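Worksheet: the structure to be examined is printed underneath.
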Protein chains: 2
Amino acid sequence: MAYVLQVDFKMDGPFGDEMAAAFSDLAKSINEEEGFLWKIWTEDPEAGEAGGIYLFETRASAEKYLDMHSKRLAGFGIPEVNAKIFAVNSVLTEMTRGPVSIEIGTQI
Amino acid sequence: MAYVLQVDFKMDGPFGDEMAAAFSDLAKSINEEEGFLWKIWTEDPEAGEAGGIYLFETRASAEKYLDMHSKRLAGFGIPEVNAKIFAVNSVLTEMTRGPVSIEIGTQI
């Protein structure tokens, strides 16, 4: 079973291509984290918010990442982080084409 | 560009296989919604929470779905829903294998 970590926080920017340039090294490093399958990077420049949707192999690896990431965000000047970890309901997710298999995560 | 809708709410159950049986017809209907690409169904029986991570083709289709879904959840006795809509940062998401292309969404 896979686990979703959803994270969002207030951020003044950068967004879009500038965000991509600023965080490309960070993005590469995330691929090396224990139990990590994939991350969708999210942003809302109008609301001044950003975050991510992650898929991890286990709840423990999601929790470990969230702990590390929260401290890193605090170091970036972002002390408040909204975050939740959920199990995936595989039967329903398959019915709605949710991309949660390890194969799908690594083929992209 | 794709848009993420993240939704979660308090729920007493059912979870797991019972949840899948209870909502299979709903799951099939979601595939027909305008601009819908995929949904990952999320659940946390210990916390008494559930929800979903959705991918939509446009912000407008995500907003329209959220409006309809919020009313439906209220009808299920769930008046309070946490929900946010975000744009996807495609460059960073590709670097971390995030499954946001339409092709990936429909191949599964």
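Computed from a prediction, not measured in an experiment: that's the story for all the values here. We name chains A, B, ... by the order of the sequence lines, and we start the count at 1 in each one.
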Any idea which heavy atoms bring A/Met95 and B/Ser24 closest together, and the distance?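 Minimum heavy-atom contact is CE-O, 3.3 Å.
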
With a 4.5 Å limit on heavy-atom distance, are the side chains of A/Trp41 and B/Glu94 in contact?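 No. Closest side-chain heavy atoms not under 4.5 Å.
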
Using a 4.5 Å cut-off on heavy atoms from C-beta on, say whether the side chain of A/Ile40 contacts that of B/Pro99.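 Yes, their side chains come closer than 4.5 Å.
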
Following the transitive rule for hydrophobic clusters with a side-chain heavy-atom cut-off under 4.5 Å over Ile, Leu, Val, Met, Phe, Trp and Tyr, establish whether [X] and [Y] coincide in one cluster.
{"X": "A/Met11", "Y": "A/Tyr54", "value": "yes"}
{"X": "A/Leu26", "Y": "A/Leu5", "value": "yes"}
{"X": "A/Met68", "Y": "A/Phe23", "value": "yes"}
{"X": "A/Val4", "Y": "B/Phe9", "value": "no"}

Can you tell which of B/Asp8, B/Ile30, B/Asp17 has the highest number of heavy-atom pairs within less than 4.5 Å of chain A?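 Heavy-atom pairs under 4.5 Å are most numerous for B/Asp8.
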
Interface moiety of B/Gln6 toward chain A, non-hydrogen atoms closer than 4.5 Å: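 Side chain of B/Gln6 only, per the 4.5 Å heavy-atom cut-off to chain A.
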
Region of B/Tyr3 that comes under 4.5 Å of a non-hydrogen atom in chain A: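 Neither part.
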
Can you check whether anything in residues 44-51 of chain B gets within less than 4.5 Å of chain A, heavy-atom wise, and list it by number?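 Within residues 44-51 of chain B, near chain A: B/Asp44, B/Glu49, B/Ala50.
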
Applying a heavy-atom distance below 4.5 Å, give me the residues of residues 72-93 of chain B that approach chain A, sorted by number.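 The stretch touches chain A at B/Asn82, B/Lys84, B/Ile85, B/Phe86, B/Ala87, B/Val88, B/Asn89, B/Val91, B/Leu92, B/Thr93.
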
For B/Asn31 and A/Arg97: C-alpha separation, side-chain torsions, deciding distance, then whether side-chain contact (heavy atoms from CB on, under 4.5 Å) applies. CA-CA 8 Å; B/Asn31 288 326; A/Arg97 308 190 296 259; 3.8 Å; yes

In Å, rounded to the nearest 0.5 Å, how long is the span from OG1 of B/Thr42 to CD1 of A/Ile53?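 B/Thr42 OG1 to A/Ile53 CD1: 9.5 Å, rounded to 0.5 Å.
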
Is there a side-chain contact (heavy atoms from CB on, under 4.5 Å) between B/Phe36 and A/Thr96 once you walk through the steps? CA-CA 9 Å; B/Phe36 173 85; A/Thr96 52; 4.0 Å; yes

